[in-house]
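These notes concern the structure reproduced below.
It should be emphasised that the depicted structure is a prediction, and the values quoted were computed from it without experimental measurement.
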Amino acid sequence: MSSQPPVARTVRSHPRAGRDTRRRLLRCLVAALLPAASLSAGSLAVGTPAWAAPTSAPAVLSPTAPTGTNGWYRGPVTLNLSATDATNGVERLEYRLGNSAPFQTAASAAAPYPASLTGSVQITQQGSTAVGYRAVGGDGSAEAVRTITIRIDTVAPVVSWPGIVNGRVGHTATLIPTRTDPAPGSGGVFIHRMWIDGTEVTPLPVATSTLATGGHTISLVASDAAGNAARFDQAFMVTTSFADLDTLLAGAVTSGAISAAAGDSLRATLAEAAGLADADDASGAVRALNQFVAAAQRATEPGATRDTLVGDARYLKQQVTDTLPEEPTTGMTVTPTAGPNPIPAATPLAASTNFPGASFRVLYFSATKGFRHDHIPDTALLIQRLGEQYGFDVDIWDPRLAPASLPSTPFTSAADLAKYKTIIFSSPVDGTNPNSAPDADALNASELAAFQGYIRAGGGYVGLHGASDAIHNVPWYRDLVGAWFTNHPGGQNGEGTCGSCINVRVNTEDPGNPAVAHLPKTWLTIDELYNFDHNPRAEVHTLLSLDESSYQRSLNSGNAATNPLRLMGGDHPIAWCQEYDGGREFSLILGHDRAQYYRDPFTRILLSGIHWTADQTEANCSTFRQTRTLISGDAAAGALDAKSAAAASALLDDAQAAYLGLDYNAATTSLNQIIAIAGNPAAGSEAARAELDRQARQLRDWMLSLKSS
């Protein structure tokens with residue numbers, strides 16, 4: 001046949017190909033000679049056909065767990081391969097870096113080929129790589145390509161300040177750093193910490209108008225999604241000019257720091273000085289600048305505005321007389337530093353603990369029917385560890401944590417729930433958020449009824465983070481948790497353990513409350529920062545609040561640096577407590593970031609909330625709403641006479657308005673008057689007056705604590 005000569009030539013030129021061809025011909029001949037019965041389904045199922053390709057086991061990576069964050073490795077990875085072929089043996093193991101790359105040999109064997117073969121190869125290619133691998137049998141047959149993705153990034157991000165040119169920047173600039181992760185990298189560059197002249201700040205644009213002329217240093221630590229990090233120290237010089245000072249002066253007038261008339265006079269004097277300087281009349285320019293300084297000091301109060309205007313004028317005097325001091329060294333210093341490390345997966349101890357000496361039991365509830373937070377297992381394990389250390393047992397209800405979960409819902413009745421001193425709602429997000437599929441509540445109707453009965457019988461409740469993103473269709477629950485989640489700013493995966501978290505300064509509002517007494521007046525953290533359907537301050541006892549100015553223009557949240565985030569209008573409670581509808585309630589709306597559950601300051605807040613809601617400790621969690629409910633209820637029941645109740649209610653309104661206006665003295669005065677009403681035997685029953693006195697005194701103590709802090 002005409003096709004035979006090429007085949008013959010191929011066999012002579014390539015012995016292996018000829019051997020394969022002969023084997024294929026032999027298979028055809030054997031198949032033709034075998035009786036039909038021997039080709040039955042049963043006979044085909046016995047053994048492995050001689051021409052079957054080898055079979056690789058799934059590739060195994062060393063180290064098994066990524067050494068970086070977000071599934072990335074921060075160093076080389078060993079790809080471990082193995083395959084078997086009992087019939088023809090395994091000749092070699094191959095791999096390729098990318099779907100279109102040529103195959104390379106990871107391991108090979110000589111004839112006679114072994115039934116199994118193992119091999120390893122180190123992968124160093126940067127970026128996310130689809131690594132294909134396969135085995136080739138002793139008969140030349142290759143199995144279908146298998147794929148494993150390996151993500152490696154060993155290079156830290158790069159930060160620069162484009163507004164600083166040759167180490168200098170004017171006095172009216174806004175500095176925003178450029179951050180890049182060298183390709184092919186993991187991306188998601190995040191600024192963990194930032195300092196200006198050694199003082200730590202949250203990562204925000206830097207307005208040079210807030211800095212004095214002269215030398216400064218901005219330092220920051222940045223990491224990428226893999227956790228590669230470096231510290232960048234940028235030394236630079238702030239300069240000024242007549243134009244800069246004129247702009248600063250106009251801004252002072254706009255802000256009201258200087259009157260319009262004084263501003264016009266100062267700008268005229270400044271223009272005169274600029275003209276004299278342009279005419280090379282240094283002495284005339286200095287004389288005009290001295291007049292400017294004297295006028296600025298008369299027109300402004302001591303503080304930042306005066307310091308800036310006077311400082312710039314004195315700088316300009318040195319500039320026109322060529323007496324400026326020698327400029328400091330400028331430039332960027334880059335220092336490798338440790339970035340965030342991955343947190344191993346957490347597993348709760350058991351569905352139900354029985355620790356020796358435990359004196360009470362709590363329920364941990366984290367079943368989700370909407371978005372699921374990855375902190376849930378970490379939080380469950382933490383609370384069980386706290387129970388072991390502080391003497392309480394923990395039951396878990398969350399089918400997705402099984403087997404560390406009760407087999408069925410414990411929300412069967414208020415009587416059944418009574419065995420728990422408190423119930424912790426740990427981000428049980430459901431489908432009632434307007435942004436979610438509206439098909440599932442965290443608790444169905446009967447479960448909710450059981451829970452309401454439990455609270456009204458004096459039960460405790462801890463609402464953690466996404467607890468405020470549940471049961472959006474029940475106003476009672478909103479009042480219990482304090483407020484409903486609506487949205488939050490975004491972040492960068494370079495944070496390490498929370499791609500939606502950003503830096504924030506937190507205010508400790510009531511240092512007299514044991515839950516937050518260990519915290520400084522203000523402190524920095526990184527977390528996901530919820531916005532709410534309303535400001536809950538008027539209804540709850542606020543413990544912590546967010547300083548919105550510390551993150552409204554966050555460098556870590558999209559384009560917030562140039563387009564400010566829409567937040568809560570400046571007043572932003574983020575943790576609170578209250579007595580509500582017979583029970584004790586504690587909400588801590590921080591806690592998205594898994595890392596929080598390994599930070600002692602944070603876990604102490606949570607532990608204190610558990611203890612107080614479980615009625616194990618006392619704390620002042622008084623609220624104006626609670627006292628208002630008391631007065632109206634006692635008035636309706638006749639326990640307070642109408643006149644006394646009306647007077648107490650009006651005074652309470654005054655006290656609350658003063659509190660919201662930060663006038664704690666006025667609030668205290670009104671509360672003292674309520675205490676006086678409670679002390680009048682004619683005002684009502686002894687029991688009603690005693691409870692009114694107790695609640696008014698707690699509110700007064702709270703106001704005094706706020707005043708002293």
_Whether N556 side chain and G491 backbone form a donor-acceptor pair below 3.5 Å_ = no

*Taking C-beta and beyond as the side chain, do L524 and R505 meet within less than 4.5 Å on heavy atoms?*
yes

*Please state whether the rings of H592 and H465 are parallel, tilted or perpendicular, taking 30° and 60° as the class boundaries.*
perpendicular

Under 3.5 Å, side-chain donor or acceptor atoms of residues 175-187 against the rest of the protein: list the pairs with distances, not counting sequence neighbours.
from, atom 1, to, atom 2, distance (Å)
R179, NH1, L555, O, 3.0
R179, NH2, L555, O, 2.9
D181, OD2, S186, N, 2.8
D181, OD2, G187, N, 2.8
S186, OG, D153, OD2, 2.7
S186, OG, A225, N, 3.4
S186, OG, A226, N, 3.1

*Provide the closest heavy-atom pair for A467 versus P428 in the form atom of the first, atom of the second, distance.*
CA-CD, 3.8 Å

*asked:* Please report whether the ring centroid of F365 lies less than 6.0 Å from that of F411.
replied: yes

*asked:* Students often mix this up, so state it plainly: with edges at 30° and 60°, are the rings of W702 and Y659 parallel, tilted or perpendicular?
replied: tilted

*For the residue pair F451 and Y477, does the interplanar ring angle fall in the parallel (under 30°), tilted (30 to 60°) or perpendicular (over 60°) class?*
tilted

_Under a 3.5 Å threshold, yes or no: a donor from one side chain and an acceptor from the other, between S705 and D510?_
yes

_Check: F532 ring centre within less than 6.0 Å of W576 ring centre_ = yes

*asked:* Is any side-chain heavy atom of D600 closer than 4.5 Å to one of T603?
replied: yes

*For residues V481 and E585, report the shortest heavy-atom separation together with the two atoms involved.*
O-OE2, 3.5 Å

*Look at atom OH of Y598 and say whether more than 12 heavy atoms of other residues, nucleotides or ligands are closer to it than 6.0 Å.*
yes

*Does D393 come within less than 4.0 Å of R361, counting only side-chain N to carboxylate O?*
yes

*Closest non-hydrogen atom pair, D378 against A346*: OD2-CB, 3.6 Å

*Answer yes when D395 and K419 have at least one side-chain N-carboxylate O distance shorter than 4.0 Å, and no when they do not.*
no

*Hey, which of Q626, Q578, H534 is the one that makes side-chain hydrogen bond (donor to acceptor under 3.5 Å, both in side chains) with E539?*
H534

_All side-chain hydrogen bond (donor to acceptor under 3.5 Å, both in side chains) counterparts of E618, not counting sequence neighbours_ = R584

